[in-house]
Amino acid sequence: MNSSGTPFDDTVQLIEVMPSDFSDDIQPIIQDGRGGRSPLSRPREEPENETSTSSNIVSKKRAYLTLVILLFVNLLNYMDRYTVSGVLIEIKEYYHDLENSEAGLIQTAFICTYMIFSPVFGYLGDRYTRKYLMAGGILLWALFTLASSFVPADYYFGFVLLRALVGIGEASYSTIAPTIIADLFAKDKRTQALMVFYFAIPVGSGLGYIVGSNVADLIGAWQWALRVTPGLGIICVILILCVSVEPPRGMSEGHNVQLSNTTVKTDLKELAMNKSFVLSTVGFTCVAFVTGALAFLAPTFMTYSTQFQGAPQSEAFVSLIFGIITVAAGFLGVALGAQISQRWKRTNPRADPLTCALGLISCVPFLFFALVLSRYNTLVTWILIFLGETMLCLNWAVTADILLYVVIPTRRSLAESVQILLSHAFGDAISPYIIGEISDALASRSISPNRPAVQFPAMQTSLYLTTFVCVFGGAFYLATALFVEKDKKRAELTTQGLDPTLVDNDDDEMLVPPGPGDSYLADEEVLNAAAATVKGPCDVQTPMPAVTNGSGDGFTMVRSVVV
């Protein structure tokens, strides 16, 4: 009997022994209680379009080096995404005094392409070598970003088109990178790795404002703000191809057999029936709506705010302050969210969605009063924005962790892409445009709609919409907490080749009963309890539903606990 260890985890492994002879041309399946099908793991040869490794173990050094490279690329992605925001007023003037809705269309076009191509890369990421897909996408992103900086003033829609094409490159990376992290790290280390990876969102966004606005101010042309990241993107392509590692899918789960891919139709059906995935995706859509609106419009709004108060400050200075606040709030919020959920899970297995709900609901009062006081005091407004962004950032790493443990390894890239598609389609793809349209409608009542005295109150009123969306998102994360335990257990059983409907039976929820007063045990605690009561290997006959091999014959699966 062979045992494969989970990377970075010395706990005891559960080995699945399945003495059966399956037909090579028919994929074995387990019939679940819903009449649907879930993939059963079985030994198979790696397809030619995947990178195979002789060992399912990746060294710590190589894993952490890969994480650093992925962090660096994610940082550049978000720098590029929000560089435009840091020089938005200059872009509006360059393209013949664009309205707010037209300026918002620049970001909307990018997000639309990004979300449309995400499912394409999600499908490819579950089936082909992931680092090659990422490298190709990043190369396209760098080329289109550079090209957009050369579009003349009379070709506004050409600029919008090139910014939209940048989304193709980013889609390749954002859907795939988290699944590589999930295959390299397990349990608490995965949460910590995701925390590091998602530091890039607020930090990269903040650097986008800072670098973009100040490079443009220093050189005297906003186009140079878009010429900083492409060169660094080429370096990232080289690092991904030559240094990063491609781990086997599901490696961190520690199973010693491989899962077979199912059809896209089956994958989408299973994702739609996964309540935790669906509800957390709706919650994350609300996060994307609020984040997209604030990230794209806040520097312009605060510039108008200082002008309205009679103490005008330059767009470059305002972008610098907002960038610093975003970086600081992001560091604190992402780290705080990961730590809260990790510690809370020791006593409450629903801690992850509850942490996300806490972040969104806590953001509401800070954001509301920041908007109210923005016409009176700039310093107090900056402080409230910092606190609101901190609360909003609690969920970034935690939401990703929820997706990765309620979805099986061979569906994770597709699940990431579906979440990106939905959250951006109804989130930050439309929020800048919607808020811009509301603002324009309010400002149009004035004879001189472009004056700061008119633009400021119009944008202030339209941004109140974000507070209502935060409350709505918090409610969906609370709903996620009702289902996350069972969905996580179903994914674990499927990954191990077991029947996922076992989770619905109270007697099978845990291999070892909890001790007095224990309402929840982590995996390590369960296995330690087993080690204390069992002195050697023992075979436990577990009744299983019939497993078909094409002939209608079934067999009994033997589950061995090695201690």
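When reading the values below, keep in mind they use all heavy atoms of this one structure, side chains included, and skip hydrogens, waters and symmetry mates. Source: prediction; values computed, not measured.
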Does the side chain of [X] reach to within under 4.5 Å of the side chain of [Y], using non-hydrogen atoms?
X    : Y    : value
L226 : W222 : yes
L279 : L482 : no
M134 : I180 : yes
L70  : Y173 : yes
I434 : L465 : yes
V166 : S148 : no
M302 : I385 : yes
V327 : F331 : yes

Would you find a donor on one side and an acceptor on the other, under 3.5 Å apart, between the side chain of [X] and the backbone of [Y]?
X    : Y    : value
D126 : L414 : yes
T306 : Q313 : yes
T175 : S417 : no
T461 : A458 : no
Y198 : A400 : no
Q460 : L371 : yes
R412 : V407 : yes

What is the distance from atom [atom1] of [X] to atom [atom2] of [Y], rounded to the nearest 0.5 Å?
X    : Y    : atom1 : atom2 : result
T355 : L360 : OG1   : CG    : 11.5 Å
L394 : I340 : CG    : CD1   : 5.5 Å
L392 : C470 : CG    : SG    : 6.0 Å
I420 : T285 : CD1   : OG1   : 11.5 Å
E270 : K265 : CD    : NZ    : 12.5 Å
S374 : M459 : OG    : CE    : 10.5 Å

Notebook entry, point to check: What residues form a side chain to side chain contact (heavy atoms under 4.5 Å, CB included) with S276, not counting sequence neighbours?
Noted result: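 With sequence neighbours excluded, S276 shows a side chain to side chain contact (heavy atoms under 4.5 Å, CB included) to N274, V406, T480, F483, V484, D487, given in chain and number order.
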Evaluate whether atom [atom1] of [X] has more than 12 neighbouring non-hydrogen atoms of other residues, nucleotides or ligands under 6.0 angstrom away.
X    : atom1 : answer
F157 : CZ    : no
F426 : CZ    : no
Y94  : OH    : yes
W382 : CH2   : yes
F317 : CZ    : no
K275 : NZ    : no
Y95  : OH    : yes

Next item on the list: Could you please spell out the steps behind the ring-ring contact (aromatic ring centres under 6.0 Å, His included) verdict for F472 and F468?
Entry: CA-CA 6 Å; F472 192 66; F468 294 97; over 10 Å; no
Next item on the list: Assess whether side chain to side chain contact (heavy atoms under 4.5 Å, CB included) is satisfied between T145 and T83, documenting all intermediate values.
Entry: CA-CA 11 Å; T145 297; T83 295; over 6 Å; no
Report the residue from [options] that forms a ring-ring contact (aromatic ring centres under 6.0 Å, His included) with [X].
X    : options          : answer
F185 : Y64, F197, Y405  : Y64
F456 : Y304, F308, Y376 : F308
F284 : Y477, W396, F289 : W396

Determine the minimum heavy-atom distance between [X] and [Y], stating which atoms define it.
X    : Y    : value
P449 : A443 : CB-O, 3.4 Å
C363 : G388 : SG-O, 3.5 Å
G330 : C393 : CA-SG, 3.9 Å
A295 : P299 : O-CD, 3.8 Å
E485 : P349 : OE2-CG, 3.0 Å
A351 : S341 : CB-O, 3.8 Å

Next item on the list: Verify the distance criterion only: is there a donor paired with an acceptor across the side chains of S305 and Q309 at less than 3.5 Å?
Entry: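 Q309 and S305 do have a side-chain donor-acceptor pair below 3.5 Å.
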Item checked: Exercise: do T281 and Q419 side chains pair donor with acceptor under 3.5 Å -> yes
Checklist line | Lys/Arg-Asp/Glu bridge criterion (N-O < 4.0 Å) met for R163, D80 | finding: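 Between D80 and R163 there is a salt bridge, with a charged N closer than 4.0 Å to a carboxylate O.
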Note to self: With side chain to side chain contact (heavy atoms under 4.5 Å, CB included) as the criterion, how do W141 and N77 come out once you've worked through the C-alpha distance, each side chain's angles and the decisive distance to 0.1 Å?
What the structure shows: CA-CA 9 Å; W141 156 69; N77 273 343; 4.0 Å; yes
Notebook entry, point to check: Can you say whether the rings of Y114 and F110 are parallel (under 30°), tilted (30 to 60°) or perpendicular (over 60°)?
Noted result: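 Y114 vs F110 ring planes: parallel.
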Next item on the list: Please step through salt bridge (charged side-chain N to carboxylate O under 4.0 Å, His left out) for the pair D352 and K488, ending with a clear verdict.
Entry: CA-CA 12 Å; D352 285 342; K488 179 181 179 181; over 6 Å; no
Checklist line | Pairs touching residues 323-333 that satisfy side-chain hydrogen bond (donor to acceptor under 3.5 Å, both in side chains), sequence neighbours left out | finding: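 Output for this query lists T326-E389.
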